[in-house]
2 protein chains.
Amino acid sequence: MKQRLAAIGTVETLPHRVAAFLSREIESGDLNPGARLPTEQELSEKFGVSRNVVREAIAQLRADGMIEARQGIGAFVLAPEQRAAIRIDREALKDTHNMERLFELRCILEAESAALAAARRSQEHLDAIKAALDRMSGEERWEDGSIDADLLFHREIARATGNSYIHTFISFVCEQIRQSIHYARLTNPLHDLVEVNVGEHVRIYDALVAGNPAAAEAAMRAHIIGAANRVGVRLPSARGDHTDGAR
Amino acid sequence: MKQRLAAIGTVETLPHRVAAFLSREIESGDLNPGARLPTEQELSEKFGVSRNVVREAIAQLRADGMIEARQGIGAFVLAPEQRAAIRIDREALKDTHNMERLFELRCILEAESAALAAARRSQEHLDAIKAALDRMSGEERWEDGSIDADLLFHREIARATGNSYIHTFISFVCEQIRQSIHYARLTNPLHDLVEVNVGEHVRIYDALVAGNPAAAEAAMRAHIIGAANRVGVRLPSARGDHTDGAR
DNA sequence: GATATACATATCATCCTACAACTCAATTAG
DNA sequence: CTAATTGAGTTGTAGGATGATATGTATATC
């Protein structure tokens, strides 16, 4: 928790600000793929920082595969497909529409993963999931402590799939959502419908214990749609839109 | 000493090597979350590089949320859940088991996304998808040119969901798979079953044109399982046949 | 005149030193 | 004993110097 507070409150360092600026300029299309960036010296003058700071900023973008620097020539913007990392702009998450998209992605990831977990979970996995569930139920209100337990519950399910990539992706998305919820709570006090939330989790857990993939998937889907609603995001139903796929 | 690597864009810079070393030390558990890294000066001495290089390396790890640096104290390892970025070690993808996990993740992401795309695609989206399909069909063998078109086809479908996060994630996963296929082809010459591959894509496209989410999802799922098989990965089915359910 | 070589220039890569800002602990003044 | 001060240690930033690499230009050679 001390860790997390520090992580959230991390001061914006100069390299971070420069990197964010350039990153935004690239995302917005001001700098197209193939374009050359200004020289390090020009950038250091433009931002009023030392060349060292500019280099650290570029080192970040380079590590992400956003730009490629060639000695003696300059730095060039790469195509989005060539990126080596996924990074989500937390500022953008303050926008409700983006939050909605993130919940949609989460729903896709977690629903099927829950089915996988139901088929593959071991007793050790179930114990870990149960422990998180108990911690969550102990809390009166849905705030920091129980949010931690909530996310841990989801991460443990992801771990139970036995697929480390799934675990990584879900952990990542959940963490982004935690951040955006943090913002959302500053403006809109959330309904503290703990009972509803816990109930949804229990249904997921029961399906996992039963080893019933279809039930686990359905429960997870219902839960995420509910969770989105509780933070003020109306999730467009994934597939019931017009032609309904009876599966 | 410093050998010129003619490889594509992957010039091993000193900060990159230092970052990779530290990153591996963290992943392997030599440095647990909460642990403090050696000071910048110690690291620069240990690796025989300047403090500047160490700082650029740390800037990368910091941007990924792997470590957190606090002025006046030091740099600390963060828990994996707190990462701000997803980065996949391409070396690890040479392992077939990891490739299998990656295909499983891809299947989860793309199957439901195909359903979303079927519900939301515009004519402009369909045109872009069709263009990629045509480019793919024109090729005789499944090699670099048609692989590009293949991945473009999938990216365009992701774009048709209208959800930029989905697009980002799928693009990323596809790119990782492209890399791993590149390795795989070096050892196992692949079957060039172009007709089968194109046929699977056509079925997906038809479902999108028809605006049939369930069909699109099924076609996509079948395709990815088939694609995995063709590169020598047997995908454990996501949930269709948990007939082996005796567990 | 065409080609090849040498030079000058621009740029990134690395190194170095210095100082500022911050934290923590020991010391000192009250 | 308490509280303020001091000092050492660490990261953050600045700025310059030198090496490595790519490009363009001028010169020399044929």
For [X], which residues count as a side-chain hydrogen bond (donor to acceptor under 3.5 Å, both in side chains) partner, sequence neighbours excluded?
X	value
B:Arg87	A:Asp64, B:Asp64
A:Arg62	none
B:Thr96	none
A:Asp95	none

ask   = A:Gln60 side chain to A:Ala57 main-chain N or O, any donor-acceptor pair under 3.5 Å?
value =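 The answer is no, because no donor-acceptor pair under 3.5 Å joins these two groups.
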
Value in whole Å for how far the [atom2] atom of [N] lies from [atom1] of [X]:
X	N	atom1	atom2	answer
A:Arg62	C:dC12	CZ	C1'	9 Å
B:Phe76	D:dT10	CZ	P	11 Å
B:Glu56	C:dC15	CD	P	10 Å

remark   = Ranking D:dT11, D:dT13, C:dA13 by distance to the side chain of A:Pro15, first place goes to D:dT13

key: Residues in ring pair (Phe, Tyr, Trp, His ring centres under 6.0 Å) contact with A:His223, at least two apart in sequence or another chain   = A:His154, A:His201

key: Results of ring pair (Phe, Tyr, Trp, His ring centres under 6.0 Å) for A:Phe169 - residues two or more places apart only   =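 Ring pair (Phe, Tyr, Trp, His ring centres under 6.0 Å) check on A:Phe169 returns B:Phe169.
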
Show me, pair by pair, the donor-acceptor contacts under 3.5 angstrom made by side chains of residues 43-55 of chain A, not counting sequence neighbours?
unit_1  : atom_1 : unit_2  : atom_2 : d
A:Ser44 : OG     : A:Gln41 : O      : 2.8
A:Ser50 : OG     : A:Asn52 : N      : 3.2
A:Ser50 : OG     : A:Val53 : N      : 3.4
A:Arg51 : NE     : A:Glu40 : OE1    : 2.8
A:Arg51 : NH2    : A:Glu40 : OE1    : 2.8
A:Asn52 : OD1    : B:Asn52 : ND2    : 3.0
A:Arg55 : NE     : B:Glu56 : OE2    : 2.8
A:Arg55 : NH1    : A:Glu40 : OE2    : 2.8
A:Arg55 : NH2    : B:Glu56 : OE2    : 3.4

Hey, can you pull the donor-acceptor pairs under 3.5 Å for the side chains in residues 25-34 of chain A, sequence neighbours left out?
unit_1  : atom_1 : unit_2  : atom_2 : d
A:Glu27 : OE2    : A:Arg83 : NH1    : 3.4
A:Ser28 : OG     : A:Arg24 : O      : 3.1
A:Ser28 : OG     : A:Glu25 : O      : 3.2

task = Output the residues of residues 38-55 of chain A in contact with DNA chain C, where contact means a heavy atom of the residue under 4.0 Å from an atom of the strand; sort by number or write none.
result = A:Thr39, A:Glu40, A:Arg51, A:Arg55

request  = State which residues pass salt bridge (Lys or Arg N to Asp or Glu O under 4.0 Å) with B:Arg155; sequence neighbours excluded, sorted by chain then number.
outcome  =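 Partners of B:Arg155 by the salt bridge (Lys or Arg N to Asp or Glu O under 4.0 Å) criterion, ordered by chain and then number, come out as A:Glu81.
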
request  = Report the end-to-end axis angle of the helix from C:dG1-D:dC30 to C:dG30-D:dC1; each axis comes from five terminal pairs, and the value is rounded to 10°.
outcome  =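 The helix from C:dG1-D:dC30 to C:dG30-D:dC1 shows an end-to-end axis angle of 20°.
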
Atom pairs under 3.5 Å: protein N/O with N/O of nucleotides 20-27 of chain C:
unit_1 : atom_1 : unit_2  : atom_2 : d
C:dA21 : N3     : B:Gln71 : NE2    : 3.1

